[in-house]
Enquirer: 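The structure under discussion is supplied below as structure tokens; questions concerning it will follow.
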Amino acid sequence: MSEGSEGPQEPAEERCPPDKIVYDESRGQYVCTETGEVIEERVVDQGPEWRAFTSDEESRRARAGSPLSPMIHDGGLTSVIDWRDKDATGKKLEMKKRLEAMRWRKWQLRTRIQSSVDRNITQAAVELERIADQLGLPKSIKEEAVSIYRRAIERGIVRGRSVEAVAAAALYIACRIHRIPRLLDEIAEVTKADKKEISRCYRMLVKELEIRVPPTDSADYVPRIVSALGLSGRVAKKAVELLEEAKKLGITAGKDPTGVAAAAVYAAAQLLGIKRTQKDIAAVVGVTEVTVRNRYRELVKALKLQLPEE
DNA sequence: AAGACGAAAGTGGTTGA
DNA sequence: TCAACAACTTTCGTCTT
């Protein structure tokens, strides 16, 4: 966020004052509270989970091993019981103890190493990690996704479906829940499973696990479009305002939210005298210029927008 | 030459019998 | 399972800048 590293055409007065910038953890974005501008998208949570206020506290909170996280199926805390029938000093164990140790091993093998459930989760976690990294998603999303996947496994829903597809679907749900807009296409892009398969799994997961997925809000896409095109926060703010009004008038119902968002950004830019082509805006959210055009037309008509003279 | 516009026909997904 | 349906896409001709 240093000086001069931003888009070229914005006047200096609308730059965000540094003290107004806030990290919106749920979206993985830095956002200016003044203008709504997204400063840097897709920053992946870098900080420690804890804060330490004194150096004493800091050392106490220093970790042994990696942080606890659902990404590792057992929290990374299990140890494997040695297979030799000796104790730490190398002495042979008595029969009783040997039998006990055998039971332990058996139990452990069954519940941990050989448990297909856990192996499956581990495999899925690796996959989720990869996809999430490629899409620049924050850790909270990954963890949500793993937790969804785990629930699916425990319910035995994954059988007969590809791990890839279910994992991708879980990630998609996590994104929706946290309102970080990622398109199904984007997820499908970095996955072996195709879009159709993923969306089948998505529907299945939502139904079987009774997950409440909030409907996509077109406004959630605005920051993405704006930052992708290097537009200012003023455009974002205006676009969101337009969307608010449009929603009240009910002209957004049943329409693809990405297309609606794209049209709103286009309209906002027009109103502020900033030129961006419909095509460029459409490309960001994966719709065509025709769709942007149609939504735009509806927007202008419904809100009776006064465009700057030609 | 490039963008905006709108009409018309084609496509994939949802819904309801 | 099939047909109707709505929204989106593709394609194309025309107008504007």
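Just so we're on the same page: letters track the sequence lines, and every chain starts at 1.
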Enquirer: Once hydrogens and angles are ignored, does a donor-acceptor distance under 3.5 Å link the base of B/dG6 to the side chain of A/Arg293?
Expert: yes
Enquirer: Applying the Watson-Crick and G-U wobble criteria at under 3.5 Å, what pairs with C/dT1? Answer none if nothing qualifies.
Expert: B/dA17
Enquirer: Report yes if at least one side-chain N or O of A/Arg297 is closer than 4.0 Å to OP1 or OP2 of B/dA4; otherwise report no.
Expert: no
Enquirer: Apply the test side-chain contact (heavy atoms from CB on, under 4.5 Å) to residues A/Leu299 and A/Val260: give CA-CA distance (whole Å), side-chain angles for both, the deciding distance (0.1 Å), then the verdict.
Expert: CA-CA 9 Å; A/Leu299 218 51; A/Val260 175; 5.7 Å; no
Enquirer: Quickly work out the A/Asn294 CG to C/dA7 P distance and round it to whole Å.
Expert: 11 Å
Enquirer: If only side-chain N and O atoms of A/Arg203 are considered, is one of them under 4.0 Å from the OP1 or OP2 phosphate oxygen of B/dT14?
Expert: yes
Enquirer: Whole angstroms only, please: what is the NZ-P distance between A/Lys301 and B/dC5?
Expert: 15 Å
Enquirer: Compare the minimum distances between each of B/dC5, C/dT10, B/dA4 and the side chain of A/Tyr296, then state the nucleotide with the smallest one.
Expert: B/dC5
Enquirer: DNA chain C: A/Arg295 or A/Glu289, which has the more 5' nearest nucleotide?
Expert: A/Arg295
Enquirer: Answer whether the closest heavy-atom distance between the side chains of A/Val235 and A/Leu271 falls below 4.5 Å.
Expert: no
Enquirer: Below the 4.0 Å mark, does B/dC5 have OP1 or OP2 next to a side-chain nitrogen or oxygen of A/Gln278?
Expert: yes
Enquirer: Please tell me if the side chains of A/Val284 and A/Tyr221 come closer than 4.5 Å, counting only heavy atoms from C-beta onward.
Expert: no
Enquirer: So A/Val290 and A/Asn294, do their side chains get closer than 4.5 Å, heavy atoms only?
Expert: yes
Enquirer: For DNA chain C, what residues of residues 248-269 of chain A have any heavy atom nearer than 4.0 Å?
Expert: A/Gly254, A/Lys255, A/Asp256
Enquirer: Grab the CG-C1' distance between A/Asp194 and B/dG12 for me, whole Å please.
Expert: 13 Å
Enquirer: Output the rounded distance in Å from CG (A/Leu184) to P (B/dT14).
Expert: 11 Å
Enquirer: With the 4.5 Å side-chain cut-off for hydrophobic clustering, are A/Tyr266 and A/Ile251 part of the same group?
Expert: yes
Enquirer: Ignoring hydrogens and geometry beyond distance, is a side-chain donor-acceptor pair present between A/Arg130 and A/Gln134 at under 3.5 Å?
Expert: yes
